[in-house]
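Following: one structure in structure tokens, then a few remarks.
In the text below, chain A, chain B and the rest are named by the order of the sequence lines, each starting its count at 1. Every value quoted in this text rests on a predicted model; they were computed, and no experiment measured them.
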There are 2 protein chains.
Amino acid sequence: MTVHEHGRYSTGIQDLPYRAVPDAAVARLAVYLRVLTSMIEQGVTTMSSEVLAGAAGVNSATLRKDLSHVGSYGTRGVGYDTARLVENIERLLGLTRHHSIAVVGIGNLGHALANYPGFPDRGFPVTALFDLDEDLIGVPLGGLSVDHVDSIPAVCAEREVTIGVICTPVPAAQVVCDLLVAGGVQCILNFAPMVLQVPDDVEVRRVDLAAELQILSFHQVRRCGTNGVGQVVDPIAVSR
Amino acid sequence: MTVHEHGRYSTGIQDLPYRAVPDAAVARLAVYLRVLTSMIEQGVTTMSSEVLAGAAGVNSATLRKDLSHVGSYGTRGVGYDTARLVENIERLLGLTRHHSIAVVGIGNLGHALANYPGFPDRGFPVTALFDLDEDLIGVPLGGLSVDHVDSIPAVCAEREVTIGVICTPVPAAQVVCDLLVAGGVQCILNFAPMVLQVPDDVEVRRVDLAAELQILSFHQVRRCGTNGVGQVVDPIAVSR
DNA sequence: GCGACTTTGTTCCTGCGTTCACAAGCGGCT
DNA sequence: AGCCGCTTGTGAACGCAGGAACAAAGTCGC
């Protein structure tokens, strides 16, 4: 592999040597991984960038560029060895280790996520559950029992939880977040519709389900040219 | 991760004024809306771009530019009138109408989403539920009863469903998607970890929960400089 | 073994989105 | 009434991501 030219991020004292892989590419790599494992199950051992790109819904040039960040694991004239590619994408994404997950807030959504097979299947075993509700404490759920949120720091540290999933209502989310951070958790997936304040060394990804719908709503209105009550939108009239 | 699978802007008669609002801005507007309504509940009537940007976790210049797409509803030297801003963002996003939702696949996740209060609270009432399982058909759930997937086209058309939420396993997702499209649904929120094939006039947003974790995992590895088993990550990637 | 074909990996370029910076505008204060 | 300070809205620059095109490289057929 030729040396990439993306090194130069002298953003201060501690040059961050990482940063070579764009965030958007990382997100797509997770998709490729999914498609590839699915293909391997069907016995596919080799794929061209064109085919894989089609299955993943991206441009083939984009795909090749993304994969170039992983390394040169393709064979010209043939394509990519699916098994080897999966292996190397997993290594880049840090999936060689199983990251254990804690789910906080065992309501409808938390319950569903605690049982979501896609997590353990992808190497993310759920190893801790927390809630505030006394009635839930101790209740067994998928081989685990629910602990009180107060024990988050201790339990997370003990079980080496690396990812916390917050499914609490908004008012509790920041408190829970602080507890997770106290327990050494540096990755948080936040389903509560609010922006969490965290230290610089903690990363939060927010999944805002209602916002997703609002975005869909916007595009729908755009497509139809109506505001949904049969009335044509006049953008100029609207803005004054 | 939310993947925007198609940004098609069909060549309509009135495509001149549209396309002004970037996709990324629309996504952020939904966040601003959330912060604003929360602030209004606390009695805040006026906010500066600086404060609002801080609460939403974005740059203030970005925020002002986003809001400029909505219209000029700020007062220089003062800030934005929160109520008026909410009103106008909602209008831009097409939220003046309540879009009704159908949830397909009443497993753990589908069950949780069917009961998710954030949907109706934000003007997205759930008006139809579907599953394949005979044991679930007719079961009442939050004021609705579960219908068979075969009836998707008829029921969606009748109840004017505008958004379909797919929570089925992967093998069923494409079939369900086709049924939704047949029922006139043009917006789909897909929780099944696969890429759906749809006509150009249908928009799909994908929420891939496991991919979110993989992205977190990647950044975690980057931060620590180890792959989680105490071993330094590939020095080539590190050195550039 | 050699040529032609296929596909990768990379380079260049274009376009978009974000950020900076500043002029215009509005309210408050004297 | 006029000035001052604060905040918006926007024009310009910058940086990054995505797409087209191409050269290198490896395979398959003959």
Seminar exercise, completed: Output for pair (B:F191 CZ, A:E212 CD), nearest 0.5 Å, gives 7.5 Å

Exercise. Taking only side-chain nitrogens and oxygens of A:S49, does any of them come within less than 4.0 Å of OP1 or OP2 of C:dT8?
Worked result: yes

Problem set entry | nucleotides 25-30 of chain D: protein proximity per nucleotide (B base, S sugar-phosphate only, - neither; heavy atom, under 4.0 Å) | BSS---

Problem set entry | With sequence neighbours excluded, residues passing side chain to side chain contact (heavy atoms under 4.5 Å, CB included) with A:R84 | A:Y73, A:D81, A:N88

For this session: Examine C:dT18: is either OP1 or OP2 under 4.0 Å from a nitrogen or oxygen in the side chain of B:R28? Give yes or no.
Result: yes

Problem set entry | Between C:dT6 (P) and A:Y80 (OH): distance, integer Å | 18 Å

Problem set entry | Trace of the side-chain contact (heavy atoms from CB on, under 4.5 Å) decision for A:C167 with A:L113 | CA-CA 9 Å; A:C167 309; A:L113 294 178; 3.5 Å; yes

Exercise. Going by heavy atoms closer than 4.0 Å, what residues in residues 50-65 of chain B are next to DNA chain D?
Worked result: B:R64, B:K65

For this session: Find the distance between CZ (B:F218) and CD (A:E203) and round it off to the nearest 0.5 Å.
Result: 10.0 Å

Exercise. A:T62: what forms a side-chain hydrogen bond (donor to acceptor under 3.5 Å, both in side chains) with it, not counting sequence neighbours?
Worked result: none

Exercise. Roughly how far apart are A:Y116 OH and A:I101 CD1, rounded to 0.5 Å?
Worked result: 11.0 Å

Problem set entry | Spacing of CD belonging to A:Q220 relative to CD belonging to B:Q186, to within rounding of 0.5 Å | 5.0 Å

Exercise. Under 4.0 Å: is that the gap between some side-chain N or O of B:Y73 and OP1 or OP2 of D:dT7?
Worked result: no

Exercise. Bend angle of the helix from C:dG1-D:dC30 to C:dT30-D:dA1 from five-pair axes at both ends, rounded to 10°?
Worked result: 10°

Seminar exercise, completed: In whole angstroms, the gap separating P of C:dT19 from CG of B:L67 amounts to 14 Å

Problem set entry | Qualifying salt bridge (Lys or Arg N to Asp or Glu O under 4.0 Å) pairs with a residue from residues 26-52 of chain B, counting only residues at least two apart or across chains | A:D208-B:R34, B:R28-B:D66

Exercise. Over how many whole Å does the gap from B:D81 atom CG to C:dC26 atom P extend?
Worked result: 15 Å

Exercise. Within this structure, what is the CG-to-C1' distance between B:D66 and C:dC16, rounded to whole angstrom?
Worked result: 14 Å

Exercise. Looking just at side-chain N and O atoms, do A:S49 and A:R64 make a donor-acceptor pair shorter than 3.5 Å?
Worked result: yes

Problem set entry | A:T37 and A:R122 side chains, donor-acceptor separation under 3.5 Å | yes

For this session: Indicate yes or no: at least one non-hydrogen side-chain atom of A:L33 is less than 4.5 angstrom from one of A:L29.
Result: no

